[in-house]
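As the structure lists them, so they are numbered: ligands from 1, and atoms in each ligand from 1. We're numbering straight along the sequence, starting at 1.
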Amino acid sequence: MIRLGVLISGGGSNLQAILDHVSAGTLDATIAVVLSNKKNAGGLARARAAGVPTVVIEHTEHAGREAFDAAIVTALREHDVEYVALAGFMRIVTPVLLDAFPMRVVNIHPALLPAFPGIHAQGQAFRYGARITGCTVHFVDRGTDTGPIIAQTAVAVLPSDTEESLSARILVEEHALFPKALQWIAEGRVTVASGATRDERPRVVVRDAATALGLGIAPSPPAASST
Ligand code: GAR
């Protein structure tokens, strides 16, 4: 059982997936607090409906990113948080947060990193003409979407796709991937190993990787019948 703090900025559909897995018993976690940088974030109502404490810390009311993150760290500590899940949290985090929770801040990103980091990743992949994109769960380091990758699901870009339809299919996969990766962490199966050579990056090792590899390419919709 891990105590999770979930940081959001928006509608909170990933938060909802996490809450649903906790109540279904498939994510061995307590959601200790949901924290939003926007007081109107739709995800706050989802948290309240689930009986989870909520905190709003508006970044506009802090002098800079570090002061904002220090307020977040205080709130997370007040709720005895062990791991931090960024579930659509649209702020760049600083070492103030990362050093308080070293390799314990986990992000969901709507692309197959290292491709298409940053904002509007689904649109970036769509406009680029990628044939396959997807979603990534990773530990957060000091770069933007550069931290060690825990799990990924690939999503094919269909000829008929719009940016919206592609984003919607990626989101469905996010809702499955994020709780699953968090459950691996809750089970103590996830460690970060330093690279074997100087130019090799730190990488995530998931114990019992056969199960981990159960996540793969999302099935394509059935082909239209030609008869
Ligand atoms: C999700 O698609 C998530 O991957 C993305 O924001 C959306 C939040 O949706 N996060 C990022 O782009 C982070 N850079 P939600 O509020 O419905 O979970």
Identify the protein atoms, limited to N or O, that lie within less than 3.5 Å of an N or O atom of ligand 1, and list each pair with its distance to 0.1 Å.
{"unit_1": "ligand 1", "atom_1": "2 (O)", "unit_2": "E174", "atom_2": "OE1", "d": "3.2"}
{"unit_1": "ligand 1", "atom_1": "2 (O)", "unit_2": "E174", "atom_2": "OE2", "d": "2.9"}
{"unit_1": "ligand 1", "atom_1": "4 (O)", "unit_2": "E174", "atom_2": "OE1", "d": "2.7"}
{"unit_1": "ligand 1", "atom_1": "4 (O)", "unit_2": "E174", "atom_2": "OE2", "d": "3.4"}
{"unit_1": "ligand 1", "atom_1": "16 (O)", "unit_2": "G12", "atom_2": "N", "d": "2.8"}
{"unit_1": "ligand 1", "atom_1": "17 (O)", "unit_2": "S13", "atom_2": "N", "d": "2.8"}
{"unit_1": "ligand 1", "atom_1": "17 (O)", "unit_2": "S13", "atom_2": "OG", "d": "2.6"}
{"unit_1": "ligand 1", "atom_1": "18 (O)", "unit_2": "S13", "atom_2": "N", "d": "3.3"}
{"unit_1": "ligand 1", "atom_1": "18 (O)", "unit_2": "N14", "atom_2": "N", "d": "2.9"}
{"unit_1": "ligand 1", "atom_1": "18 (O)", "unit_2": "N14", "atom_2": "ND2", "d": "3.0"}

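Between V55 and H79, some side-chain heavy-atom pair lies under the 4.5 Å cut-off. Here the side chains of I57 and H62 are in contact, with some heavy-atom distance below 4.5 Å.
Side-chain atoms of H21 and T26 form a donor-acceptor pair, as typed in the model, at a separation below 3.5 Å.
When each of V81, L4, L7 is tested with V33 by the rule side chain to side chain contact (heavy atoms under 4.5 Å, CB included), just one qualifies, namely V81. When each of D208, V137, I150, V204 is paired with W184, the side chain to side chain contact (heavy atoms under 4.5 Å, CB included) condition holds for I150 and for no other.
For D99 and R142, the salt-bridge test passes: some basic side-chain N is under 4.0 Å from an acidic carboxylate O.
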